[in-house]
Protein chains: 2
Amino acid sequence: MQAGKPILYSYFRSSCSWRVRIALALKSIDYETVPINLIKDQGQQFSQEFQALNPMKQVPTLKIDGITISQSLAIIEFLEETRPTPRLLPQDPKKRAQVRMISDTIASGIQPLQNLSILKQVGQENQLTWAQKVIHTGFNALEQILRSTAGKYCVGDEVSMADLCLVPQVANAERFKVDLTPYPTISRINKTLLALEAFQVSHPCRQPDTPPELRA
Amino acid sequence: MQAGKPILYSYFRSSCSWRVRIALALKSIDYETVPINLIKDQGQQFSQEFQALNPMKQVPTLKIDGITISQSLAIIEFLEETRPTPRLLPQDPKKRAQVRMISDTIASGIQPLQNLSILKQVGQENQLTWAQKVIHTGFNALEQILRSTAGKYCVGDEVSMADLCLVPQVANAERFKVDLTPYPTISRINKTLLALEAFQVSHPCRQPDTPPELRA
């Protein structure tokens, strides 16, 4: 099987795609983007062609080393195991557990409950209230967790997978007009991370499929 | 810090708790169960005491080696790193990616959308339809993925973390009266796994907090 340059199926605004884009940027992995527009054409993720790559009909999906991987954290763990530098998981198993706990709190406990397909089912008039409630519940927990794990970043002073989950989730919170005042630790870490180049080049406002009016 | 015997905060019916119970059983780790009844006393997970352990107010939570870990997959990865035998992740990074992809498909893509707190918000009259729809969407994808990854179990012929996620999710599907006929691969693997001792001793019908009428 020809490996070639990795291909990331991504949507500029997808927070899960952003997680992977940050990992690729931090590890200096050159890749091509194939944009999958989740809204256009009634959702390009529902095409036969894309479903064959990812039966969950979600982004991101990464073709790399001759295989196709879906689920952002599974992708990041694969990148970590095959391209270990710079590392996104600490060496100490207890700290690794903290990183994964924070990552899963976002990836299983917050994001899925406020993603596009759920909001569609909730109905347009309830979307904002629903999303805000889900994010507040999650951020209350996260703020408390981070108070005991954080240094400069989510866990100590090294950028980790947890940070790759945090920043895109805060961006979602901002889109849903969540008041972030009650979350000073989350806000501080988010701001520090957004100053890093890998978080900037991977930002939704700078992707090949970012609409001109949202570019920055 | 005194480590002592690990303590698992668990609810007999929680599918995420079951995942961890299987891991503990497979790895022959002796532990104590502290039952957290998600329904009684308006939900024991909301007590101040439990919130201090797990700010997300969810089970499972594991106290082990002097730390407290929440999120079932983070717990299982920690057990895997600190108690590697028998392994729950294959050696080959590509197969590990498949295991994590399947695990995350369930842990982020299916279970959170049909768990107790979401069903409460959906309203009693819509619960069954909602849960069935979510599980059908997920199982359609999972069936397709497993057709290319499965051997005897989810990925090849070794029990892995993916199997620890599959069996409890199938049990949820059965509780919500999902017709499993369209999913022959899922059904076959589930049946094979349920014959293993670790899946039996960890089963919801055999926990310290299982009500007498549900015991088997």
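To find a chain, count down the sequence lines: A is the first, B the second, and so on, and within it residues start at 1. Keep in mind that the numbers below use all heavy atoms, side chains included, and drop hydrogens, waters and symmetry copies.
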So which atom in [X] and which in [Y] form the shortest heavy-atom distance, rounded to 0.1 Å?
X      : Y      : answer
B/A107 : A/S108 : O-OG, 3.0 Å
A/G138 : B/M56  : CA-SD, 4.0 Å
B/D65  : A/K94  : O-NZ, 2.8 Å

Contact origin within [X] toward chain B - heavy atom pairs under 4.5 Å:
X      : answer
A/T82  : side chain
A/K57  : neither
A/S117 : neither
A/Q51  : backbone

As an exercise, state the distance from [atom1] of [X] to [atom2] of [Y], rounded to the nearest 0.5 Å.
X      : Y      : atom1 : atom2 : answer
B/M101 : A/I67  : CE    : CD1   : 8.0 Å
B/R100 : A/Q71  : CZ    : CD    : 13.0 Å
B/E81  : A/D92  : CD    : CG    : 9.5 Å
B/T105 : A/N54  : OG1   : CG    : 7.5 Å
A/L73  : B/S103 : CG    : OG    : 11.5 Å

Greater than 12 external heavy atoms within 6.0 Å of A/K27's NZ: yes

Tell me, yes or no, whether the heavy-atom count around A/Q124 atom CD, taken from other residues, nucleotides or ligands under 6.0 Å, exceeds 12. no

Identify which of B/V122, B/L113, B/I69 forms the greatest number of heavy-atom pairs closer than 4.5 Å to chain A. B/L113

Using a 4.5 angstrom heavy-atom cutoff, name the option from B/S72, B/A97, B/A52 with the most pairs to chain A. B/A97

